There are 2 protein chains.
Amino acid sequence: MRNGVPSERVQSDDEPERPARPGRRTLSREDWARAALEAMREGGLGAVAVEPLAESLGTTKGSFYWHFKDRDSLIQAALERWVAESEELMAAAERIEDPVERGRRLTEYAFTAPSGADITTTLLIHAQHPVVGPILEQVTRRRLEFGARLTEELGLPADAAYRHALTALTMTVGIALIRRGAPQLLPQGEDKDAYVRYILELLGPPMT
Amino acid sequence: MRNGVPSERVQSDDEPERPARPGRRTLSREDWARAALEAMREGGLGAVAVEPLAESLGTTKGSFYWHFKDRDSLIQAALERWVAESEELMAAAERIEDPVERGRRLTEYAFTAPSGADITTTLLIHAQHPVVGPILEQVTRRRLEFGARLTEELGLPADAAYRHALTALTMTVGIALIRRGAPQLLPQGEDKDAYVRYILELLGPPMT
DNA sequence: GAGCTGCCATACGCCACCGTACGGAACGTC
DNA sequence: GACGTTCCGTACGGTGGCGTATGGCAGCTC
């Protein structure tokens, strides 16, 4: 029965997770969400387009509109995956005992991770989008609180800790944007290592 | 005589500059470029669209394609205005004698100027565009060299000065992006002043 | 093996925008 | 007052994307 309003079939959790076998016959909602998130990493929100995605998945719009109500709900699903990833990252960081080492590792990761590893920058660009905006704010708030809490463990008062976390976020976002748009301007090779050390020193042991 | 290839009528400099009188009958190439730059400040590169711009100028595409070959050449013209603005800004900074005061003023401006005052962030987002990329790189290089030179006058060696200038750029870009996308996360009111002072301290007297 | 259901293919209408073709008004020039 | 030039209005075709409508196949069920 084809119901005119596709009612956005919600995937039950006990549905068998389909392995990525190339000869598979049908796609799942998660396949689409994964592909959308991937496209977003590489080409921004504009790359989350139904028809091109369908083509890259070797299927057609018919599949998409079976699993999703519209493009926005695909974006939503992709971002929910991202939220989960973000939570996992923080949980992993939590497992590092020494707060100093923790801060160092986080900073280093932020400035050496492959471009597109985190889409915060991309999302900030499209923060006006009704789906993107709220999720972005939620995630960013949690990260800032997380960062501020880590910094407080280093002995800073709350307001300074928040400023420090905000500065780290700002630098991360700025670097990511420059790396995307004008990587020639950033130090390469040996200079890059020196630059990362410099950043670590700038953000690392906050005295203020 | 309508020449099929409009040959991109180049405006001679002695052409009388048209005042912004509302009852004017014809638009100039500069009117279009101005409007395009303005649209870019507010809505990014995507807002530089011929038909909407025509509407906001109270005219039609007929006018546009008289003055310009295509959309890209409009973007080019708008960005050339921006290059000139950037040069003026640096020249104005040059006129401040005291290098310390100069750095302070520049930093303060970067973090308090109205959102959209500088479109570097917007352009970084669209750096893949064949017209945007080269101009952006040119301007940014000049700014970094300028910043590095100023910092050298404060007594830093060349490599440290470049790192410092790059950090300032990164922070500027990052703050601008966050201000556009999630201004709630940035300190407001009194906290904002404290934050600006904090940034000034972070970037201000470079000791490294 | 008929039917039912889940999933997909295809064709369509719609919209926003780009660029072109061409007609025509306004204005100066002789 | 005819004529040329400058500038604009408008209609058109093309492209790329969204969302809908509808048909159909494959696999299961009985």
Side-chain angles (χ1 to χ4, degrees), chain A residues 1-12 14-16 18 21 23-33 35-36 39-40 43-76 78 126 129-131, chain B residues 1-12 15-16 18 21 23-33 35-36 39-40 43-76 126 129-131:
Chain A
M1 163 202 150
R2 302 228 8 108
N3 47 1
V5 181
S7 81
E8 183 82 9
R9 190 185 69 98
V10 177
Q11 170 133 347
S12 54
D14 50 4
E15 189 163 333
R18 198 184 319 277
R21 53 194 157 93
R24 71 161 167 284
R25 344 197 92 259
T26 77
L27 269 63
S28 75
R29 190 179 161 87
E30 273 62 38
D31 291 327
W32 279 97
M40 213 151 100
L45 194 59
V48 183
V50 177
E51 283 155 325
L53 268 184
E55 163 130 26
S56 86
L57 283 173
T59 182
T60 66
K61 298 198 297 183
S63 168
F64 175 80
Y65 285 100
W66 172 258
H67 293 289
F68 293 88
K69 179 173 153 289
D70 55 16
R71 178 175 177 260
D72 275 2
S73 71
L74 171 62
I75 294 172
Q76 176 100 29
H126 300 284
H129 188 287
V131 173
Chain B
M1 162 201 142
R2 303 232 3 112
N3 47 0
V5 180
S7 81
E8 182 84 9
R9 190 185 70 98
V10 176
Q11 169 131 350
S12 55
E15 188 161 335
R18 198 185 319 276
R21 55 193 155 96
R24 72 162 166 282
R25 342 199 94 258
T26 77
L27 269 62
S28 76
R29 190 179 161 89
E30 274 62 38
D31 292 326
W32 279 97
M40 211 150 98
L45 194 59
V48 183
V50 178
E51 281 156 326
L53 267 184
E55 163 132 26
S56 85
L57 283 173
T59 182
T60 66
K61 299 198 296 182
S63 169
F64 175 79
Y65 284 100
W66 171 258
H67 293 288
F68 292 90
K69 180 174 153 288
D70 54 17
R71 177 174 176 263
D72 275 2
S73 72
L74 171 63
I75 294 172
Q76 177 100 29
H126 300 284
H129 189 286
V131 172

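What's counted below: heavy atoms across the whole structure, side chains too, no hydrogens, waters or symmetry copies. Chain A is the first sequence line, chain B the second, and so forth, proteins listed ahead of strands; every chain is numbered from 1. Bear in mind the structure is a predicted one, so any value in this text is a computation, not a measurement.
- At the heavy-atom level, B:T60 lies under 4.0 Å from base atoms of the strands shown.
- Counting to the nearest Å, the P atom of C:dT20 and the CZ atom of B:F68 are 15 Å from each other.
- Remark: A:T59 is in phosphate contact with C:dA9, judged by side-chain N or O atoms under 4.0 Å from OP1 or OP2.
- For the pair B:H67 and D:dT6, the criterion of a side-chain N or O lying under 4.0 Å from OP1 or OP2 is not met.
- Within the model, atoms OG of A:S73 and CZ of A:F64 stand 5.5 Å from one another, a figure rounded to the nearest 0.5 Å.
- A distance of 5.0 Å separates CG of B:L45 from CZ of B:R71, quoted to the nearest 0.5 Å.
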Could you list the donor-acceptor pairs under 3.5 angstrom formed between side-chain atoms of residues 52-59 of chain A and any protein atom two or more places apart in sequence or on another chain?
from  : atom 1 : to    : atom 2 : distance (Å)
A:S56 : OG     : A:L53 : O      : 3.0

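- Between C:dC8, D:dC8, C:dC17, one nucleotide has an atom nearer to the side chain of A:T26 than all others, and that is C:dC8.
- Rounded to an integer number of Å, the gap from B:H129 NE2 to C:dC18 P is 11 Å.
- In the set D:dC8, C:dC7, D:dC18, D:dC18 carries the atom at the smallest distance from any side-chain atom of A:V50.
- We find that CH2 of A:W32 is positioned 10 Å from P of D:dC18, with the value rounded to whole Å.
- The separation between A:D31 atom CG and C:dC7 atom P is 12 Å, rounded to whole Å.
- Separating the CG atom of A:L74 from the P atom of D:dC18 is a distance of 10 Å, rounded to the nearest angstrom.
- In this structure, NE2 on B:H67 lies 9.5 Å from CD on B:E30, to the nearest 0.5 angstrom.
- Taking every side-chain heavy atom of B:Y65 into account, C:dT20 is the closest of C:dT20, D:dG17, C:dC17.
- Nucleotides of DNA chain C nearest to A:E51 and A:F64 differ in position, and the one nearer the 5' end is that of A:F64.
- Of all non-hydrogen atoms in B:A39 and B:A47, the two that sit nearest each other are O-CB, 3.6 Å.
- Following rounding to the nearest Å, A:L57 (CG) and C:dC7 (C1') show an atom-to-atom distance of 14 Å.
- For the pair B:R29 CZ and D:dC8 C1', the interatomic distance rounds to 17 Å; values are reported in whole Å.
- Each of A:G62 and A:V48 was assigned the nucleotide of DNA chain D with the nearest heavy atom; the assignment lying further toward the 5' end belongs to A:V48.
- Between A:I75 atom CD1 and D:dC18 atom C1' the separation is 12 Å, expressed in whole Å.
- Contact annotation: A:W66 reaches the phosphate of C:dC7 (side-chain N/O to OP1 or OP2, under 4.0 Å).
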